[in-house]
Amino acid sequence: MQSGVQEAKRGLGAKDLVTTGVCIALYFVFMMVGSMLFAPNPVLTFLMPAGAALLTGPAYLLLIARVPKHGPLIIEAVVMFVTGMYWLWSVFLVVLGIVGDLIAGAGGFRSKTLNIASLLAFSLNPLGSYLMLWLDPAGYSTYLV
């Protein structure tokens, strides 16, 4: 009986998945708002990751606090991945989702410092689209057209 209770604490239950879904929805809305404020302006577009991170931070940290397990941050990255971001941004999302999960998990999802470090690492994901622009401007333009 004891091992069944421990297993339930380890895996993601229905309540955890619902909480994850709500936090991802909040994250997605705040990411869109942060992106709308910065991304369309050519002067401010490179500040979009910072602006979006300021708005999405509370939703991200709420997710870590409410579901202190491995998995929800990766689910968040996969959901953002399937929303149709640029391919390199999508790669950054998944990789930094795993990195963020590992950083927060190193502190048992209870360390404020590591949770904020996890947020900072995950918040670098929009740089994937800018990396495409810097490495191959012509290919980036072709991709957009």
Those residues at least two apart in sequence (or on a different chain) that pass ring-ring contact (aromatic ring centres under 6.0 Å, His included) with Phe28 are none
Rounded to the nearest 0.5 Å, the CG atom of Asp16 sits from the NZ atom of Lys69 at a distance of 3.5 Å
On a heavy-atom basis, the closest approach of Asn115 and Ala104 is OD1-CB, 3.6 Å
TODO: Answer with yes or no whether the hydrophobic clustering places Leu54 together with Phe38; edges join I, L, V, M, F, W, Y residues whose side-chain heavy atoms lie under 4.5 Å apart.
DONE: no
Scanning both residues in full, the closest heavy-atom pair of Leu131 with Phe92 reads CD2-CZ, 3.6 Å
Sorted by chain and number, sequence neighbours left out, side chain to side chain contact (heavy atoms under 4.5 Å, CB included) with Leu102 holds for Ile98
message = Measuring only between side-chain heavy atoms, which start at C-beta, is Val99 closer than 4.5 Å to Phe122?
response = no
Any side-chain heavy-atom pair from Leu17 and Ile75 closer than 4.5 angstrom? yes
Here the pair of heavy atoms bringing Pro72 nearest to Thr20 is CB-OG1, 3.6 Å
Correct closest heavy-atom pair for Ser118 and Leu73 would be OG-CD1, 4.0 Å
Quiz item: With hydrophobic residues grouped by side-chain heavy-atom distances under 4.5 Å, do Val79 and Val95 end up in a single group?
Solution: yes
Residues Ala121 and Ile103: closest non-hydrogen pair is CB-CD1, 3.9 Å
How are the rings of Trp134 and Phe46 set to each other: parallel, tilted or perpendicular (split at 30° and 60°)? parallel
Quiz prompt | Common cluster, Leu124/Leu61, ILVMFWY with side-chain heavy-atom separation under 4.5 Å | solution = yes
Interatomic distance, CG@Leu120 vs OH@Tyr60, rounded to 0.5 Å, equals 9.5 Å
For Asp101 and His70 the tightest heavy-atom approach is OD2-ND1, 2.7 Å
Answer with yes or no whether the hydrophobic clustering places Tyr130 together with Leu44; edges join I, L, V, M, F, W, Y residues whose side-chain heavy atoms lie under 4.5 Å apart. yes
To the nearest 0.5 Å, atom CG of Leu88 lies from atom CG of Leu93 at 10.0 Å
Is it the case that one hydrophobic cluster holds both Leu127 and Met31, taking links as side-chain heavy atoms less than 4.5 Å apart, direct or via other members? yes
